[in-house]
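Lettering of chains follows the sequences in order, A, B, ..., and the numbering in each one begins at 1. Being a predicted model, the structure only gives us computed values, none of them experimental.
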There are 4 protein chains.
Amino acid sequence: MVTKPAKAAPDTARRSEKSRRAIYEAALALVGEVGYPRTTIEGIAARAGVGKQTIYRWWGSKADVLLEAFLDLGEQSAREAGASDQEPYAIPDTGDLAADIKAVLRATVDQLKDPRFEAPARALAAEGVVDEEAGRRFTSALMEPNIQLYVDRLRSAQEAGQVRPGIDPRIALEFFISPLAQRWLQYTGPISYDYTDTLVEYALYGLAPR
Amino acid sequence: MVTKPAKAAPDTARRSEKSRRAIYEAALALVGEVGYPRTTIEGIAARAGVGKQTIYRWWGSKADVLLEAFLDLGEQSAREAGASDQEPYAIPDTGDLAADIKAVLRATVDQLKDPRFEAPARALAAEGVVDEEAGRRFTSALMEPNIQLYVDRLRSAQEAGQVRPGIDPRIALEFFISPLAQRWLQYTGPISYDYTDTLVEYALYGLAPR
Amino acid sequence: MVTKPAKAAPDTARRSEKSRRAIYEAALALVGEVGYPRTTIEGIAARAGVGKQTIYRWWGSKADVLLEAFLDLGEQSAREAGASDQEPYAIPDTGDLAADIKAVLRATVDQLKDPRFEAPARALAAEGVVDEEAGRRFTSALMEPNIQLYVDRLRSAQEAGQVRPGIDPRIALEFFISPLAQRWLQYTGPISYDYTDTLVEYALYGLAPR
Amino acid sequence: MVTKPAKAAPDTARRSEKSRRAIYEAALALVGEVGYPRTTIEGIAARAGVGKQTIYRWWGSKADVLLEAFLDLGEQSAREAGASDQEPYAIPDTGDLAADIKAVLRATVDQLKDPRFEAPARALAAEGVVDEEAGRRFTSALMEPNIQLYVDRLRSAQEAGQVRPGIDPRIALEFFISPLAQRWLQYTGPISYDYTDTLVEYALYGLAPR
DNA sequence: GGATAACCGAGACGGTACGTCGTGTCTTATT
DNA sequence: AATAAGACACGACGTACCGTCTCGGTTATCC
C-alpha cells in the first residue's frame, strides 16, 4: 500500500515563523480594512511580504488562513490578559447564577462589538454557513470550548439546586447565547447589556425550580 | 438642467418575463448544484440562455438575484399550497400556545431540511453575515414577516393570560427561533422535532405566569 | 458526430482592430528591448493596455503573436516602400545575374543588421528550431516566398544560358542564402557586403557553363 | 584589501563525479523526452537525485548544463567509436576531395537524424540564436573544431591543385555545411545523401580550376 | 403600418485574482 | 566543504469571472 501521494506534506520543522506571523497580521488587517470578500490571498501575500506559494504551502484556503489567524489572535489576547495563566477561561461561580452569566454575556457583547474581532469572526461564520465542512471545523475550534463552559456552569447550578433537575444544560445554554448570536449574525435586532440582562432573566425564570 | 444622467432606469414595462423566470430557475439550480461561491453571474446567464447584460440591467449583484429568486420560490410554494389564498401565513391560534408553536417549529424544521430551500437560504444568510447592508435587506425581506407572526401570537397569548404581562414578545420569540437558527446556521447541534418540542417546553415554563 | 468542441472560435468580426495593432507594437517593442525570452505575454498585455485574455483569445502562444506582428511589420514596410505597388518584391533582372544577386544580398545584409528586424526575426527562428511545427509555419510564411524569388531568377538565368542546364535552382540558391543565414544565426562569421559578393562569385563560377 | 567576496568559487577537487554524470544523463534524457523549453533545472535535479544547488553551484544556466552534457555525450561516443584514440576526428584525405567530403557529409546527415543528438543539438542551437553570448560559446565549442577540419582538408586540396588558389577555404566550406545546416535548422528542405552529394558536386565544380 | 427606441442574445473587452510552476537564493542536516 | 532536500520571495503562466461595452435582431409601443 502506498498511503496516497496526496500532496507530500511540507516539512513543518523548517517553517518560517516570521512569515507565519506576518501572514496572520496581514490577513486580519485586510479583513478589517476591506472586508472578507475583498481580502485576497494575493493581497495577504503582498502585505505580508511573502510569496503566494508560502500561503498555499501551509493553508488550503483563505478561510483556513483566517481561522488560524483568528485563533492566534485569541491566544495572544489570552496570553496578554491572564498573565498568571491560572484558570485561563471560565465562567465565574459566585453562587449567583444570574449575575455570573450576565457578566459573561456582557463581555461577549463587548467582544462582538470590537472591530478587531468582528470582521474576521463574521468572515469565518459566513464561510461556515455555506461550507458545511468549514462550518463544523470553525464551530468545534471556536465555539465548542466556550459552550462547554456554559455546560459546566449550568451543571454546577443544577447541583446547587438553582436549576431544575430535568433540564439539559446543552439546550438550556442556547437560551443565553443563541438569541445574541442571531441578533449579531443576522442583524435581527440591537445588542446591548440591557438586552442580554433581560435574556438571562427571562430564561432563568423558566429554568429555576418553583 | 439635465435631470442627472445617472443610470437611466430601464423600462419595466418592456421587461422580458421569460428571461426573468429563466434567471430565477438557473440561479436556484446552480446554487443547489455547485453552491453559492461557485455560482457565477456568467453561469446563471449561460444556463438561463440570457445575455449577461440582462442580469446586470435588472439586478445589482449575485445576492440580489438570488434573493429575488428565493422570494419567488416562496411565493410559488405558497401559491401551490394555499390555493384559497386567504390568510396565507399565520401561526394557528387554537388556544394551546405550546401546541401551536410546536407545530410551526416542526414545519420550520422540515423546511430547513428541504434541499430546495436549504442551499439558497444558506447562501443568502452567509452573504448577509458579511455584508451588513445585504444582511439587513435579507432579514427584513425574509425574516421580519415571520417574526411578526410570532409577536402576534405571543401577544394574543399574553392577552389570554398564558404569558406573563411584563414579557416583551420581541425578545421572547427568540427563545423559539434563535436556538434553532443557530444550530442550523452554525452546525452547533442536530435539529429534530424532539429538539424543538423541548425548546418550547423549557421556554414556555419561563414565560408562563406562576 | 459532434465535430469536436475544440474551443469555440471567437467572432472575428467583432475583433478590436485597435487592440490588435497595440499588441503588435508592444510585442515588437518588447522583443527589441529586452529580448525574446524576457518578453512575456503579461508584459505585452500591460504595455498594449490590453487584458491578457485578449491575447489568449486570438493567439495560441507568444511565438504566434510575434509571427503575426512580424508579418504585419513586413507588410507595413512594403506598403511604405513600394507606394506604387507594382512589383512589390522581386529580384531585379538586368541580365547580369551576378550583379542582381549581389544587390539583393546586400539588401538582405542591411535587413539582418537592422535591429527592428533582428530581434523578432531571431526570436522566431529560435522558436522554429526547437518546435518543428512552429518552424515549418515560420519557414513557409517568412522564407518560402523569398526563396521562390531566387528560384525564378535562377530559372530565368538558366534560360538565358548563364547557368548550366542540369542545375536545380532549389539547391543552387542555397549557395547564396544558406551561408549568410548560418553566419547570422549561429555567429559563425562576420557579415558584410564583401562577404556576400564573394559568395556570389564563388558560387556562380560553379554554376556557370564552361 | 579583501580580494572581492564576489562568488567564492567552489572547490573543484571535492566535486561529486557521480552527481555530475547523473545531471548530464538527466538533462539529455529530459531534453529528448519533453523538449528544451519544458526541461527545467528542478526537473533535472529531481531526476538526477540531486539538490538544485548542486546544479547552480557548477553551472550558470540550463544552457550551460546542456552544453556540457552534450560535449560529454560527444566524447563518450568518440571514446566508444575510436577506441585507439589516435586521430580522433579528421576528414579523410584519399586524394579524392569530392569523395572525402561526401563521406563526411553523409556521416553528418546520419548524426543530424539521430534523435539522441538531435534534441539537445537543436536546443543549444535555439538558445544560441537568441542569446549572442551563448551562441558564440556554442559555436566555438561545438562547431569551430569541425570547421577547422574542413579548412585543413580544403587547404590540402588547394596544395594538390584541386581547388583554385584564390579561394578562401573559410568561405568555401560553407557551401558544404551551410545549406545542410539551414535545411536542418529551419526545415527549409529534406535532408538526404543524395542532397549532400549534389551539394558537393555543384560546389566543387565552382571551386575547381578550369 | 411604419418608425423607432427599448430590450434582448451574444460575446469581446480591460481588468483582477486564481492556483500552479519554475527561478535562483538561502538554510538545515548529512556525509 | 560539498551534498540532498526543500522553504523562501518572486514573477509568469493560462483560466475564470467581473462589470462595461458594442453589436445585430427582435418586440412593442407611439405616431
Exercise for review: Whole angstrom is fine here: how far is it from CD1 in B/I44 over to C1' in F/dG19?
Suggested key: 14 Å
Check your understanding: With no hydrogens and no angle check, is any side-chain donor or acceptor of B/R122 less than 3.5 Å from a backbone partner on A/V130?
Key -> no
Check your understanding: Quick one: B/R20 CZ to E/dC7 C1', roughly how many Å, whole number?
Key -> 15 Å
Exercise for review: Compute both the distance and the angle, then confirm whether C/R15 meets the cation-pi test with C/W59: under 6.0 Å from the six-membered ring centre, within 45 degrees of the axis.
Suggested key: yes
Check your understanding: What pairs of residues pass the salt bridge (Lys or Arg N to Asp or Glu O under 4.0 Å) test when at least one of them lies in residues 58-71 of chain D, not counting sequence neighbours?
Key -> D/D64-D/R137
Practice item. Using a 4.0 Å heavy-atom cut-off, write out nucleotides 10-18 of chain E from 5' to 3' as B (base contacted by protein), S (sugar-phosphate only) or - (no contact). Key: BSBBBB-BB
Check your understanding: Distance from D/Y36 atom OH to D/L30 atom CG, nearest 0.5 Å?
Key -> 12.5 Å
Practice item. Hey, could you give me each pair passing salt bridge (Lys or Arg N to Asp or Glu O under 4.0 Å) that has a residue in residues 26-41 of chain B? Not counting sequence neighbours. Key: B/E33-B/R47
Practice item. Starting from P on F/dA2, measure out to CH2 on D/W59 and report it in whole angstrom. Key: 14 Å
